[in-house]
Amino acid sequence: MNAVGLRKPIRSAADERAPARPDPAWDWQVAPRHGDTDAVTARAAWAKRIAWRLAHPEAWRAELVQLAYFDPAYTYDEAHEYWWDRTTDPHLSTDIRHWVLDEDGFVSPQPYRHAPLLLAMNFVLRAMFGNRVEREPEVHFDPDFGGRAGMYTENGHPVSQVEPDLVVLSRELLLPEGAERSRKGRTMRLDRGHPIPELVVEILSPTTRTKDVRGKCTCMPTLALPST
């Protein structure tokens, strides 16, 4: 599951004026995009999908097993969506596309607005620290730490993996300029005694700010930058 379960949606003033009942015409099993329905209905559908997964863990697991990228060691989060070609779980390291699930229950393609800032920060950090800066690594840690940090899935399982935007590795992991790390080299197993990164940089976006600050930014010394 993802390193941080999503927080409960926050109702806006506009929502308070909206009808309190969801649109019965919308299929709750389908995650809506903006424009498909209203926020009240989207949140209701999202809550119902989560409730179904919590109530039917074996059936949901059977669906996950059918995915080409299924990893039996990964803790999947009932609050997220997992499709055959994409997912809304930002901490699932896979080659498929990552989408965003916002606090209103709408899904949308992952925005790449912060890509130029990410590239610029990568350049600056490499100039400062040399070839020990990595983008979007897998960081694994003991579930007990996830619990102490207050990071849980919707089912109450402590998370044990995050994928920050950038990390500065310890000095002992410095590589010669131009050398590249393998996927294994970009996987940090803090639960197995790997050195803790000296710095983690997380670029925040409006839809993921709360999740990133309360989740990934609680794990290690972190520099959180707004994308706008």
Side-chain angles (χ1 to χ4, degrees), residues 1-7 69 71 74-75 77 80 86-102 108-142 145-146 149-151 159-228:
M1 294 185 191
N2 79 328
V4 262
L6 293 179
R7 309 298 174 187
Y69 56 86
D71 180 357
Y74 189 73
T75 309
D77 190 341
H80 278 294
R86 61 197 189 280
T87 179
T88 61
D89 187 343
H91 307 298
L92 179 61
S93 297
T94 174
D95 292 333
I96 66 170
R97 296 179 62 191
H98 283 78
W99 279 36
V100 170
L101 174 60
D102 67 23
S108 58
Q110 174 70 48
Y112 293 97
R113 244 180 348 184
H114 69 237
L117 180 56
L118 182 62
L119 291 173
M121 286 302 303
N122 185 52
F123 177 81
V124 171
L125 290 174
R126 280 182 174 259
M128 295 172 62
F129 299 103
N131 194 3
R132 55 189 181 103
V133 179
E134 285 299 331
R135 291 180 53 182
E136 301 176 335
E138 289 183 31
V139 181
H140 299 257
F141 42 85
D142 192 288
F145 177 81
M151 297 184 294
V159 298
S160 59
Q161 178 182 337
V162 294
E163 187 173 328
D165 288 329
L166 289 165
V167 297
V168 178
L169 303 175
S170 63
R171 296 176 186 275
E172 62 193 272
L173 297 178
L174 177 67
L175 289 182
E177 194 61 36
E180 293 187 6
R181 288 180 176 80
S182 63
R183 180 181 179 86
K184 182 178 180 181
R186 289 183 285 107
T187 301
M188 279 152 267
R189 299 301 307 242
L190 307 187
D191 54 338
R192 299 179 184 176
H194 287 188
I196 297 176
E198 291 184 4
L199 178 68
V200 172
V201 176
E202 191 64 34
I203 299 175
L204 308 180
S205 63
T207 55
T208 62
R209 182 183 183 88
T210 300
K211 172 176 61 61
D212 289 337
V213 170
R214 295 182 181 177
K216 289 182 275 187
C217 294
T218 64
C219 300
M220 291 157 282
T222 309
L223 173 61
L225 300 173
S227 61
T228 55

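Along the sequence shown, residues are numbered consecutively beginning with 1.
Going from atom CE of Met188 over to atom OG of Ser170 covers 9.5 Å, rounded to the nearest 0.5 Å. The NE2 atom of His91 sits 9.0 Å away from atom CD of Gln161, with the distance rounded to the nearest 0.5 Å. Expressed to the nearest 0.5 Å, how far CD of Glu138 lies from NZ of Lys184 amounts to 13.0 Å. Atom-to-atom distance recorded for Asp89:CG and His98:NE2 is 6.5 Å, nearest 0.5 angstrom. Between the CG atom of Leu118 and the CD1 atom of Ile203 there is a distance of 4.5 Å, given to the nearest 0.5 Å.
Within the 3.5 Å criterion, the main-chain N or O of Asp165 finds a donor-acceptor partner in the side chain of Glu202. A distance-only check finds a donor-acceptor pair linking the side chain of His194 to the backbone of Arg189 [under 3.5 Å].
Residues forming a side-chain hydrogen bond (donor to acceptor under 3.5 Å, both in side chains) with Arg132 (at least two apart in sequence, or on another chain): Glu198. Applying the side-chain hydrogen bond (donor to acceptor under 3.5 Å, both in side chains) criterion to Arg171, with sequence neighbours excluded, gives no partner residue. Applying the side-chain hydrogen bond (donor to acceptor under 3.5 Å, both in side chains) rule to Asp71 yields no partners; only residues at least two apart in sequence or on another chain are considered.
Residue Leu92 comes nearest to Tyr74 through the heavy atom pair N-OH, 3.3 Å, listed as atom of the first residue, atom of the second, then distance. Considering all non-hydrogen atoms of both residues, Leu119 and Arg135 come closest at CD2-NH1, 3.3 Å. Shown here for Thr88 and Pro90, the closest heavy-atom pair between the two residues is O-CD, 3.1 Å. Here the closest non-hydrogen pair linking Val200 and Pro164 is CG1-CB, 3.3 Å.
Using a 4.5 Å heavy-atom cutoff, the side chains of Val162 and Val139 are in contact. Proximity of Arg181 to Leu169: side-chain heavy atoms (C-beta onward) are separated by under 4.5 Å at one or more points.
More than 12 heavy atoms of other residues, nucleotides or ligands lie within 6.0 Å of CD in Glu172, so this atom counts as buried by the packing criterion.
None of Ser160, Pro197, Pro195 except one satisfies the side-chain contact (heavy atoms from CB on, under 4.5 Å) rule with Leu190; the exception is Pro197. Tested against Arg126, the residues Leu166, Asn131, Val168 include a single side-chain contact (heavy atoms from CB on, under 4.5 Å) partner, Asn131.
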